Every structure is written in structure tokens, then in C-alpha cells.
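Order of the sequence lines sets the chain letters (A, B, ...), proteins ahead of strands, with each chain counted from 1. Just so you know, these numbers come straight off a predicted model, no measurement behind them.
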There are 2 protein chains.
Amino acid sequence: MLSQKQKELIEKIGIYFEEGMQPAAARILALLIVADQVSFSFDEIREILKLSKSATSNGINFLLNLKKIEYHTKPGDRKRYFTWSPDNIINHFREGIDKILALSILFDASLQLKRDKNTHSAKKIAEISDLMNFLHLEMPGVIEKWERKRASKP
Amino acid sequence: MLSQKQKELIEKIGIYFEEGMQPAAARILALLIVADQVSFSFDEIREILKLSKSATSNGINFLLNLKKIEYHTKPGDRKRYFTWSPDNIINHFREGIDKILALSILFDASLQLKRDKNTHSAKKIAEISDLMNFLHLEMPGVIEKWERKRASKP
DNA sequence: TTTTAAGTTCTATATTTGAAGAACCAAAAG
DNA sequence: CTTTTGGTTCTTCAAATATAGAACTTAAAA
């Protein structure tokens with residue numbers, strides 16, 4: 001079903017995803033990305049990843065909530081079959097960029113509280129905040145550029 | 001020494017920094033960024049943040065290791081005085097981008113293992129990997145653009 | 001209407017993480 | 001030398017997180 005290499009990749013990708021979700025959820029997501037099989041039932045996920053029912057249930061619902069995965073059903077079959085939903089992945093990057101913007105706002109606030117706005121440190125805060133803002137502004141253009149490139153040579 | 005607002009900012013910025021370091025280290029870094037005072041001794045940090053010696057020591061060394069902070073000494077004074085080192089902050093963004101690249105490599109590896117590279121999922125993996133790569137390639141240009149803008153109107 | 005299947009939720013642990021405080025150490029001061 | 005200072009390291013301890021497994025729920029099937 002899963003080759004050794006695929007299992008290893010699930011672990012490696014899982015570790016990346018652990019930044020932001022519990023290990024079990026991270027492995028579930030990685031499984032759905034890496035596997036050849038297009039969809040997995042609750043129990044298949046459970047068995048393959050050797051998780052308890054609760055860890056499986058919680059992980060799946062966490063991922064459904066974030067819309068990282070979705071499920072479909074089959075007529076005359078009560079099970080749900082889960083698949084990765086890759087389509088809103090660009091959103092993921094947007095969220096990352098928004099987070100940078102939020103931090104830049106805190107840096108600005110810190111600058112406003114500085115007695116002396118001309119120290120090296122204060123100027124650096126302003127600079128970093130400006131950079132974060134700039135990145136936030138530039139990002140849509142970069143993604144657009146990528147989309148154009150991609151549309152031209154598919 | 002620190003206003004209420006500054007203390008609140010240290011907490012808020014600290015929470016951002018917790019992604020990637022332990023809370024105590026995050027607060028130390030936030031303190032060195034937010035405060036007007038340019039440098040702090042070990043015991044000042046300890047007292048202001050109400051940390052134990054071990055938490056202070058570990059946090060400081062963690063931050064020194066990552067070169068997020070540095071210290072200087074004064075003649076006839078054994079203490080070290082710690083300051084934020086903002087200068088390689090652009091590096092911080094580069095690291096973030098490098099991390100994205102590392103993930104794209106794992107996605108590529110996953111794609112290589114796919115039996116059928118023409119499924120929706122496989123094509124999406126390719127697409128995401130390509131986007132991550134593109135971001136990695138574009139970033140230096142974006143930062144350069146920012147530097148030019150900044151040089152022109154300082 | 002009883003049983004079964006598919007999952008959820010609850011309770012009990014296990015694991016991980018972070019921090020406290022004491023013991024320790026090395027260099028400088030006395 | 002011996003004491004003090006400035007910190008580090010070691011040994012708990014506490015809290016947060018994650019998981020297991022059992023008990024429960026709900027809807028469909030028998």
C-alpha cells in the first residue's frame with residue numbers, strides 16, 4: 001500500500017506540518033498528500049498511522065475545520081472517504097503574509113513608544129516594520145506573476 | 001522603567017516569537033526590542049521578567065546562539081550587557097524562505113513517488129512545489145527592490 | 001425494535017516542555 | 001589563599017499537550 005519511502009516522507013512532511021497542528025493531524029494530512037490512493041476511510045487512516053480512534057477523530061475534524069481536507073461518501077456506504085483539498089493552498093501563503101503584517105503592526109507600536117526614535121535600534125525597528133509592510137504589499141504581485149507564468153506555459 | 005504599554009507589547013510580541021523558541025527566550029528578545037534602555041544585564045533581565053536564573057541563562061544563550069542578541073562588557077565590570085542585534089534581520093526572512101524551499105523539496109520527492117503524475121492531487125503537488133520554488137527565487141529581487149526604494153528616499 | 005456500523009466524546013495516562021531553585025564552577029577581587 | 005560575583009548546570013516539579021481506550025451516540029440496516 002505505502003512504500004517505505006512514502007512512509008518516510010509522511011514523517012518528514014508531517015514534521016513540517018507539526019508547526020501549527022498536533023502530530024497526529026500532521027501525519028494524517030501528510031498521508032493524504034503522499035499516498036497514491038485517492039481517499040481513505042476513518043479506519044484506514046487509523047490503521048495505517050496506528051492511531052487511536054480519538055486521535056484519528058480529533059485529527060480529521062481539526063483538518064476538516066481548517067479545510068485542509070474534505071470528504072465524500074459513496075451510495076450505500078456509511079463511511080466517509082477523506083481526501084486532501086489542495087485547492088486553496090495559495091490562501092495558506094496569504095495567511096503567512098498576513099501574519100507578517102500583524103507583527104509589523106506590533107513593531108510600529110513599539111516604535112511609537114520609544115522616547116528617542118533616532119537610536120540605531122529604533123531606526124531598525126522602523127526599517128523592519130517597513131520591510132514587512134513592503135513584503136505584504138508586494139506579495140500579491142509576486143503571486144500574480146507566478147500565475148501568469150504558469151498560464152503561459154502549462 | 002517600563003511603561004504598562006511596553007509591558008503589554010513585550011507580551012504580544014513575545015507570543016509571536018514563541019513560534020520557534022521557548023516563552024522565556026521570546027520575552028527576553030521582546031524586552032530588548034521594546035525597551036528604551038539600550039542594554040540589560042543578566043540580573044536586570046531576570047528581575048524585569050521575573051524569571052529564574054536557569055530560565056534567564058538558557059534563554060540568553062539560546063538567543064546568543066541564534067545571533068538574535070549580542071553583548072558587550074564594560075571595563076572593570078564583570079557583567080555582560082545584552083542588546084538586541086537587529087542587523088541581520090533580513091536573514092530572518094531568508095531563513096523563512098529557505099524553509100519553504102525545503103518543504104518544496106519534500107513535495108517534489110512525494111511527486112516522484114506517485115504512480116500517476118496526472119491526477120488532480122499530483123498536479124497540485126507539482127503546482128505548490130513550483131509556487132514555493134518561485135517564491136524562493138523571487139524573494140531576493142523583492143528585497144532588492146525594497147532596498148532600492150529605501151536608498152532613494154531615506 | 002434490535003443490532004450494527006461509524007464515529008464522537010470522556011476519562012485516564014503518557015509524554016513533552018518549561019521553569020524553579022539549589023548546587024556547582026571559574027575567574028576576579030580582596 | 002579565600003571570598004565574592006556572575007553565571008551555568010543539574011535535579012526536581014508543574015503544567016500543557018497528545019494519545020489511548022472505553023463508553024457513548026446516532027442513524028441506518030436487519
Side-chain angles (χ1 to χ4, degrees), chain A residues 7 10-32 37 39-83, chain B residues 7 10-32 37 39-83:
Chain A
K7 286 180 191 167
I10 288 170
E11 289 307 314
K12 285 188 186 168
I13 293 179
I15 285 170
Y16 269 84
F17 291 163
E18 275 184 29
E19 195 162 299
M21 64 186 80
Q22 58 275 47
R27 298 299 178 288
I28 293 171
L29 182 56
L31 166 65
L32 297 187
Q37 187 177 328
S39 67
F40 289 84
S41 71
F42 186 99
D43 275 317
E44 284 174 329
I45 291 171
R46 227 203 89 140
E47 286 234 334
I48 292 167
L49 299 177
K50 274 122 181 59
L51 294 173
S52 67
K53 288 181 99 182
S54 58
T56 309
S57 176
N58 290 328
I60 283 173
N61 287 318
F62 179 87
L63 294 168
L64 283 172
N65 247 318
L66 292 183
K67 305 209 187 307
K68 302 278 184 195
I69 66 173
E70 56 194 65
Y71 67 86
H72 59 96
T73 50
K74 298 175 185 180
D77 182 350
R78 258 213 272 162
K79 288 195 196 88
R80 292 180 297 170
Y81 292 89
F82 301 94
T83 51
Chain B
K7 285 180 191 168
I10 289 170
E11 289 306 314
K12 286 188 187 168
I13 293 178
I15 286 170
Y16 269 83
F17 291 163
E18 275 185 28
E19 195 162 298
M21 63 186 79
Q22 57 276 47
R27 298 298 176 292
I28 293 172
L29 182 55
L31 166 65
L32 297 187
Q37 187 176 328
S39 66
F40 290 84
S41 71
F42 185 99
D43 276 315
E44 285 173 328
I45 291 170
R46 227 203 89 142
E47 285 234 337
I48 292 168
L49 298 179
K50 274 119 181 61
L51 294 172
S52 67
K53 288 181 98 180
S54 58
T56 310
S57 175
N58 290 327
I60 284 173
N61 287 318
F62 179 87
L63 294 167
L64 283 172
N65 245 319
L66 292 183
K67 305 207 186 310
K68 302 277 182 195
I69 67 174
E70 57 194 64
Y71 66 86
H72 59 98
T73 50
K74 298 174 183 181
D77 181 349
R78 258 214 272 163
K79 290 195 194 88
R80 292 179 298 169
Y81 292 90
F82 301 94
T83 51

Tell whether K53(A) reaches the base of dG7(C) with its side chain through a donor-acceptor pair below 3.5 angstrom.
-> yes
What is the distance from [atom1] of [X] to [atom2] of [N], rounded to the nearest Å?
| X | N | atom1 | atom2 | result |
| --- | --- | --- | --- | --- |
| Y81(A) | dA5(C) | OH | P | 14 Å |
| E18(A) | dT15(C) | CD | P | 16 Å |
| I45(A) | dG7(C) | CD1 | C1' | 12 Å |
| F40(A) | dG7(C) | CZ | C1' | 19 Å |
| R46(A) | dA20(D) | CZ | C1' | 10 Å |
| F62(B) | dT8(D) | CZ | C1' | 18 Å |
| D77(A) | dA5(C) | CG | C1' | 10 Å |
| F82(B) | dG7(D) | CZ | C1' | 9 Å |

Residues 50-64 of chain B, side-chain donor-acceptor partners within the protein, below 3.5 Å, at least two apart:
{"from": "K50(B)", "atom 1": "NZ", "to": "E47(B)", "atom 2": "O", "distance (Å)": "3.4"}
{"from": "S52(B)", "atom 1": "OG", "to": "S54(B)", "atom 2": "OG", "distance (Å)": "3.2"}
{"from": "S52(B)", "atom 1": "OG", "to": "A55(B)", "atom 2": "N", "distance (Å)": "3.1"}
{"from": "T56(B)", "atom 1": "OG1", "to": "S52(B)", "atom 2": "O", "distance (Å)": "2.6"}
{"from": "N58(B)", "atom 1": "ND2", "to": "S54(B)", "atom 2": "O", "distance (Å)": "3.1"}
{"from": "N61(B)", "atom 1": "ND2", "to": "S57(B)", "atom 2": "O", "distance (Å)": "3.0"}

Look at all strands and tell whether D43(B) reaches a base, only sugar-phosphate, or nothing, counting heavy atoms closer than 4.0 Å.
-> nothing
Restricting both atoms to N or O, compile the protein contacts to nucleotides 2-5 of chain D shorter than 3.5 Å, with distance only.
{"from": "dT5(D)", "atom 1": "O2", "to": "R78(B)", "atom 2": "NH1", "distance (Å)": "2.6"}
{"from": "dT5(D)", "atom 1": "O2", "to": "R78(B)", "atom 2": "NH2", "distance (Å)": "2.7"}

Evaluate the criterion side-chain contact (heavy atoms from CB on, under 4.5 Å) for residue pair R46(A) and D43(A); output intermediate values, then yes/no.
-> CA-CA 5 Å; R46(A) 227 203 89 140; D43(A) 275 317; 3.6 Å; yes
Heavy-atom closest pair, residues [X] and [Y]:
| X | Y | result |
| --- | --- | --- |
| M21(A) | L29(A) | CE-CD2, 4.1 Å |
| A30(A) | G14(A) | CB-N, 4.0 Å |
| S39(B) | E44(B) | O-OE1, 4.0 Å |
| L32(A) | F82(A) | CD2-O, 3.9 Å |
| K79(A) | S41(A) | CD-CB, 3.7 Å |

OH/Y71(A): more than 12 non-hydrogen atoms of other groups inside 6.0 Å | no
Can you tabulate the close N/O pairs, meaning under 3.5 Å, that link protein atoms to atoms of nucleotides 17-19 of chain D?
{"from": "dT19(D)", "atom 1": "OP1", "to": "A24(A)", "atom 2": "N", "distance (Å)": "3.2"}

Is the closest basic N to carboxylate O distance between R27(B) and E18(B) below 4.0 Å?
-> yes
